[in-house]
Each structure stands twice: as structure tokens, then as C-alpha cells.
Amino acid sequence: TPEFEAAVSHDCATVLHKTLSQDTSLPRKKNPRESRTLAEIAKAELDGTILKSRPLRIRFATHGAALTVKNLSPVVSNELLEQAFSQFGPVEKAVVVVDDRGRATGKGFVEFAAKPPARKALERCGDGAFLLTTTPRPVIVEPMEQFDDEDGLPEKLMQKTQQYHKEREQPPRFAQPGTFEFEYASRWKALDEMEKQQREQVDRNIREAKEKLEAEMEAARHEHQLMLMRQDLMRRQEELRRLEELRNQELQKRKQIQLRHEEEHRRREEEMIRHREQEELRRQQEGFKPNYMENVSKLLVN
């Protein structure tokens, strides 16, 4: 009820106030370590206490702005993961999960400082294909599934129902062969084994499909590079052809200019020859007239 929640909030605030008042060594500046310390103190003081005839259950709040990132390349580091997701907003923590030998598992998680950047990253990565490396291998982003792996479920918080009392009639034990318990326990184990085998088969199928996809992607990338090289070669050949054509045009133009110059030179030479011939003819004609008159005078005298 609202009254109960208000009472819990009041008691939590009282514990935190008493803690800060008594322990002056705690820094007053808000930071993650201080928040964690105060939360642990409040939890230790209030968890399991009775308030208005009801036990308080105090748990650490889950991170509401955390995302799980899958399909990571083996070359992705914590730093690259943080750098990649920082474009959506401030990142508090980014971790690539590794196995016990330090090998990347292909999974990781990112914790944002606030929820809006986390929602933005979730939407953008869901609608598009977010690539972190050269290989077109998109990351798969999902909300992080939260578990309480610190406190679990203590006995004091168990609800004492009819089923609880019925199941607790027998203590922990090994089923004896040949009994009803052993038969159905064996069937449960067989079902679990079948689930395990099917999961392993699914994992193998997925692994083989991924390997096939990677091989196809590598072959397609090689073919794409060859296509780009062919296109570049064709472009260069076209450029050389165009340059050769321009060169031939320039040579043809120069040849035509040279022919025009030669024609002009020949025409001038012919003009000069014709002019000299005309000049020579004129001179010959002018020299012929005086000699003719002189000959006629001589004939008349005789």
C-alpha cells in the first residue's frame, strides 16, 4: 500500500541519515562507491525487519540502462565497445565477456549513465546494422536480463504455503534404484539429457551456419574487391583511350596546321616565281623597242 511504501522509504532515509551522521569519514561527494556503501548499510539494517506486521525485503536495484551485446568479433575490446556505444550517450561501463582462458565469447554488456541513451542504442541497433569492425558482422543488442545472484532466496523469506510443507516432508536424499522415485527421477534426467543434446545440436548447426556465412562473406568480399579492381582497370583503360584520342586529335591538328603552312609557303613561292617571270618579260619587252627603232633608222639612211 502507499502507506507501507511511505513507511519503508522513511525508515530507509532514517538509516542513511544515521549512517552519514555517525560516519564522518564517508565522502560527501556523490559517487558510485559511496552509493554502493550506503546501499549495503541500508540493506543490512532493514532487510528482514518487521514493519506493520510485514517483513521488509530489501534488494539492490538493477541497472536500468544496461544492454547485452552479442555477435561481437574476436578483435573487439572493452575500449572499442565503449567507444562504439558512446555515440548514443555517456557510457559508465563496457565489458567484453571472456572465458576462463581469457578468450572472447562473442558477448559483452554496456552500462549507460541514463536510460534514454540505452533506449536509443537499442532502437538504432534493432532497426539498422551496427558494425564495429571492417567485417560486415552486425552486433545484436538486447536489454540485459537481470538476476539477483548476491542474496538469492533465504529461508526466512520463503512463503510457508501448503505446497511448501508438502515438499519439505522429505529431506535431501538420493533416490534408491527400483523405486518410484528413481524411475521418475531417471525420466527427468533423460529429459534433461535430451534437452542438452538438442541444444548442443542447435549450437553446432548455428556454429556451422556462422562458419558458412563467414566463408561466403569472405568469398563475396574477395569477389567485390576483384570487381572494384576490374572497374578501376576499365576506368584507367577508358582514361588512356581518351588521352590517346586527345593525343591523336592534337597530332591531326598539328598536321593540318603544318599542311596549311606548307601550302601557304608553296603558294608564296609560286607567286614569287610568277612575279619574277613577269618582271623578266617586261624587261625584255622594254629592251626590244629601242633596238627596233635604231635598226629602222639605219635602213632609211642606207
Item to complete: Compute whether any side-chain donor of one residue and acceptor of the other, for Q201 and N205, lie under 3.5 angstrom apart.
Response: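 Side chains of Q201 and N205: pair found under 3.5 Å.
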
Item to complete: Indicate the atoms forming the closest heavy-atom contact of V95 with K93, along with that distance.
Response: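 Shortest heavy-atom separation between V95 and K93 comes out as CG2-CE, 3.7 Å.
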
Fill in: Nearest atoms (heavy-atom pairs only) where P117 meets P90
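Heavy atoms of P117 and P90 come nearest at CG-CD, 4.5 Å.
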
Worksheet item: What residues, two or more places apart in sequence or in another chain, satisfy side chain to side chain donor-acceptor pair (under 3.5 Å) together with K70?
Response: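 Testing K70 for side chain to side chain donor-acceptor pair (under 3.5 Å), a comparison that skips the adjacent residues, returns E142.
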
Fill in: Results of side chain to side chain donor-acceptor pair (under 3.5 Å) for Q256 - residues two or more places apart only
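Listed in chain order: nothing, the list is empty.
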
For atom [atom1] of [X], decide whether the heavy atoms of other residues, nucleotides or ligands shown that lie under 6.0 angstrom number more than 12.
X: R247; atom1: CZ; result: no
X: M229; atom1: CE; result: no
X: Q162; atom1: CD; result: no
X: M227; atom1: CE; result: yes
X: R187; atom1: CZ; result: no

[X] vs [Y] side-chain heavy atoms within contact, under 4.5 Å:
X: L213; Y: K210; answer: no
X: K189; Y: E193; answer: no
X: F109; Y: M144; answer: yes

Sidechain N-carboxylate O distance under 4.0 Å for [X], [Y]:
X: R274; Y: E277; answer: no
X: E263; Y: R260; answer: no
X: E208; Y: K212; answer: no
X: R254; Y: E250; answer: yes

Worksheet item: Apart from L122 itself, what residues make up its hydrophobic cluster when side-chain heavy atoms of I, L, V, M, F, W and Y under 4.5 Å apart count as a link, directly or indirectly?
Response: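 Members alongside L122: L67, V69, L72, V76, L80, L81, F85, F88, V91, V96, V110, F112, F130, L132, V139, V141.
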
Discussion item. Let's go through I273 and R276 carefully: what are the C-alpha distance in whole Å and the side-chain angles of both, what is the deciding distance for side chain to side chain contact (heavy atoms under 4.5 Å, CB included) to 0.1 Å, and is it a yes or a no?
Written reply: CA-CA 5 Å; I273 293 173; R276 284 197 300 267; 3.4 Å; yes

Enter the distance from [X]:[atom1] to [Y]:[atom2] here, rounded to the nearest 0.5 Å.
X: I41; Y: L46; atom1: CD1; atom2: CG; result: 11.5 Å
X: C125; Y: L131; atom1: SG; atom2: CG; result: 10.0 Å
X: L233; Y: L228; atom1: CG; atom2: CG; result: 12.5 Å
X: E200; Y: Q198; atom1: CD; atom2: CD; result: 11.0 Å
X: R283; Y: L281; atom1: CZ; atom2: CG; result: 11.5 Å

I need the full list of salt bridge (Lys or Arg N to Asp or Glu O under 4.0 Å) pairs touching [range], with sequence neighbours left out, sorted by first then second residue.
range: residues 100-114; value: D99-R103
range: residues 114-123; value: none
range: residues 160-182; value: E155-R168, R173-E181

Worksheet item: What residue pairs, at least two apart or across chains, pass side-chain hydrogen bond (donor to acceptor under 3.5 Å, both in side chains) with a residue in residues 130-141?
Response: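 Output for this query lists N71-R137, T135-R221.
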
Worksheet item: Restricting to pairs with a member in residues 224-239, which pass side-chain hydrogen bond (donor to acceptor under 3.5 Å, both in side chains), not counting sequence neighbours?
Response: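 Pairs touching residues 224-239 that pass the test: E223-R230, D232-R235, D232-R236, E238-R241, E239-R242.
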
Worksheet item: Can you list every ring pair (Phe, Tyr, Trp, His ring centres under 6.0 Å) pair that touches residues 185-223, not counting sequence neighbours?
Response: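 Residue pairs passing ring pair (Phe, Tyr, Trp, His ring centres under 6.0 Å), neighbours aside: none found.
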
Item to complete: Using the ring pair (Phe, Tyr, Trp, His ring centres under 6.0 Å) rule, collect all pairs that involve residues 227-267, keeping only residues at least two apart or in two chains.
Response: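 Checked against ring pair (Phe, Tyr, Trp, His ring centres under 6.0 Å) - neighbours excluded - no pair reaches residues 227-267.
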
Worksheet item: For Y164, which residues count as a ring pair (Phe, Tyr, Trp, His ring centres under 6.0 Å) partner, sequence neighbours excluded?
Response: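 Ring pair (Phe, Tyr, Trp, His ring centres under 6.0 Å) list for Y164, sorted by chain: empty.
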
Item to complete: Using side-chain contact (heavy atoms from CB on, under 4.5 Å) as the criterion, list what pairs up with Q258, not counting sequence neighbours.
Response: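 With neighbours one apart ignored, the set is E262.
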
Discussion item. Under the side-chain contact (heavy atoms from CB on, under 4.5 Å) test against E270, which residue among R268, R266, M272 passes?
Written reply: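 Exactly one option meets the side-chain contact (heavy atoms from CB on, under 4.5 Å) with E270, and it is R266.
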
